[in-house]
Amino acid sequence: MTERKVRVRFAPSPTGPLHIGGVRTALYNYLFAKQNHGDMIFRIEDTDSQRFVPGAEAYIIEALEWLGIHFDEGVSYGGNYGPYRQSERKEIYRKYVDRLLDAGKAYIAFDTPAELDAKRNEIPNFQYDASTRMQMRNSLTLSKEEVDRLIADGTQYVVRFKIEPGEDVVVDDLIRGKVTINSSILDDKVLYKSADNLPTYHLANIVDDHLMLVSHVIRGEEWLPSAPLHVLLYRAFGWEDSMPRFAHLPLLLKPDGKGKLSKRDGDRLGFPVFPLEWHDPKTGEVSSGYRESGYLPEAVVNFLALLGWNPGNDQEIMSMDELIKLFSLEKCSKSGAKFDYEKGKWFNHKYIQEKSNEELTTLFMPILREKGIEADPATVARIIGLVKGRVSFVKELWDQAAFFFVAPTSYEEKSVKKRWKEDTPAIMRELIEILRNLDDLSSAHAEGVVLGWIERNGYHLGNVMNAFRLAVVGECKGPHMFDITEIMGKEETIKRIERAIEHIG
RNA sequence: GGCGGUUUAGUGUAGUGGCCUAGCACGCAACCCUCUCACGGUUGAGACUCGGGUUCGAUUCCCGGAAUCGCUACCA
């Protein structure tokens, strides 16, 4: 086989927000394309006019751009093989349907949905195929005149693929190896419907992939059963020599029970299954997204990449560039992967740690403003430096650092009981004096002075320090005490201790 | 029901006919660090779906069962 340029496509249906499984499919296509210096095509498969959802297309583009998955050509990107929206390619499909019809590889069928239903009820496991097609109303059983008359009368019809039975069809899958299916179990698939003059997925897919010079079809496992049909179609058109290679990816499964990961699982278990927040235009329902939930795009990409693939060693943290270098279809696993949301959080934690304090400040400032706080970014950056190790999300920075901006109004009861003794107020007053006389409040120096004072007086270290913390933070948590006071400053620290003495007593 | 795919700890996975006393990561537990809570570090519990066969030897190869997922639309 001659080497040809790698061209892959991501071809979703605009039926709603892009599911996280779809994101992974797009990602793998992208990694493969970039690794091979190939092209990534964005095609919209909107042959089902019934299920079209406005806004879905723009959503998909925005989501993938957010994640750093870029296309070389396609809808909204341009290119030489357009149009890239299937609804705009009607004439093209019609031409190829006629070609199949003329060659006797497809036929016209007039059976109505009701008639088909009746047949299904009449014959158990009814299938429209070589064994039954001669009992149906189609161009194989009707006279040419009758067929012409029905069409002229405007009777709705479909075009079906005439599958020859008894032939083993082999699909050579890059991930699964050779998969063989006998053509007898395939039905005469509908390729085209006169009702809307649109092809079904199968025909449109083959024609487009061929015309767009697609070299590799990387898609979800749910397509594996119809892959033999696609092979047969390439053959019927005489395109077998340039047929793309197939790779069927394992599915993303529910974290707990069984089955494919669905939108409902996210609602039920409390995590997003969509990259971006989605507002359903019909129901007004809002579904959460990874972006809005505080995920960093590089964390989502890294996490997703490892769901169904791994580099073969223990490396887990990988940038997009590294993924492009290391990715390989051969190392994709064959079995479905349960979606492990906890691991996703861990990835985000890792990526937060790799961000500089300044970068995190930029992300955190809007949240601060939302809370009604105006703060100096340089100070915010210092605070973030103290607390970022304990967060997995930018918004959790607030939970960890709020006390820097808002003085405690209450004091955690349990700790008060444990640490605020009868003599504490007196000791705290002493501490105030110590602090007042301190002209260098830098962490190490202040620590030396205060710890020295505690030791000289034989005070209980834990009790004093925790009372101190209680007064400043409001509870017994947070960073190193003297790192806090260094940033907070003398005045505010003393004010808080005074206030605690007053409130707790 | 039919057809196809899949099957290593709770989860994601590595791995090989003997180096496997099956590795790594998440999660979980303990300990260490420590003024607190975290982070971090160390350690620990935890798996080769079952039954046959091939073989000196099988988690690894073959056959069969089971489980599970997908497809079985004029949806993609």
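Because only heavy atoms are used, hydrogens play no part in the values below, and waters and symmetry mates are left out as well, while side chains stay in. Proteins come first, then strands; the chains are lettered A, B, ... in the order of their sequence lines, and each starts at number 1. Values in this document were obtained by computation on a predicted structure and should not be read as measured data.
On the P atoms, B:A22 is 29 Å away from B:C32, given to the nearest whole Å.
Sequence order on RNA chain B of the closest nucleotides to A:L224 and A:N310 puts A:L224 first from the 5' end. Looking at which nucleotide of RNA chain B each of A:R120 and A:T180 is closest to, the 5′-most match is held by A:T180.
Residue contacts shown for A:A195 are absent, as no nucleic acid heavy atom lies under 4.0 Å away. Backbone-only engagement by A:K260 is indicated by non-hydrogen atom pairs under 4.0 Å involving sugar-phosphate atoms exclusively. At the heavy-atom level, A:V190 lies under 4.0 Å from the strands shown only through sugar-phosphate atoms. At the heavy-atom level, A:S333 lies under 4.0 Å from the strands shown only through sugar-phosphate atoms. Contacts of A:P479 with the nucleic acid, taken as non-hydrogen atoms under 4.0 Å apart, include base atoms. The residue A:T112 sits close to a base: some heavy atom pair falls under 4.0 Å. If you check every strand for non-hydrogen atoms under 4.0 Å, A:D111 touches a base.
Atom pair A:K338:NZ and B:C26:P shows a separation of 20 Å (rounding to whole Å applied).
In this structure, the nucleotide among B:U36, B:G1, B:G5 sitting nearest to the side chain of A:E221 is B:G5.
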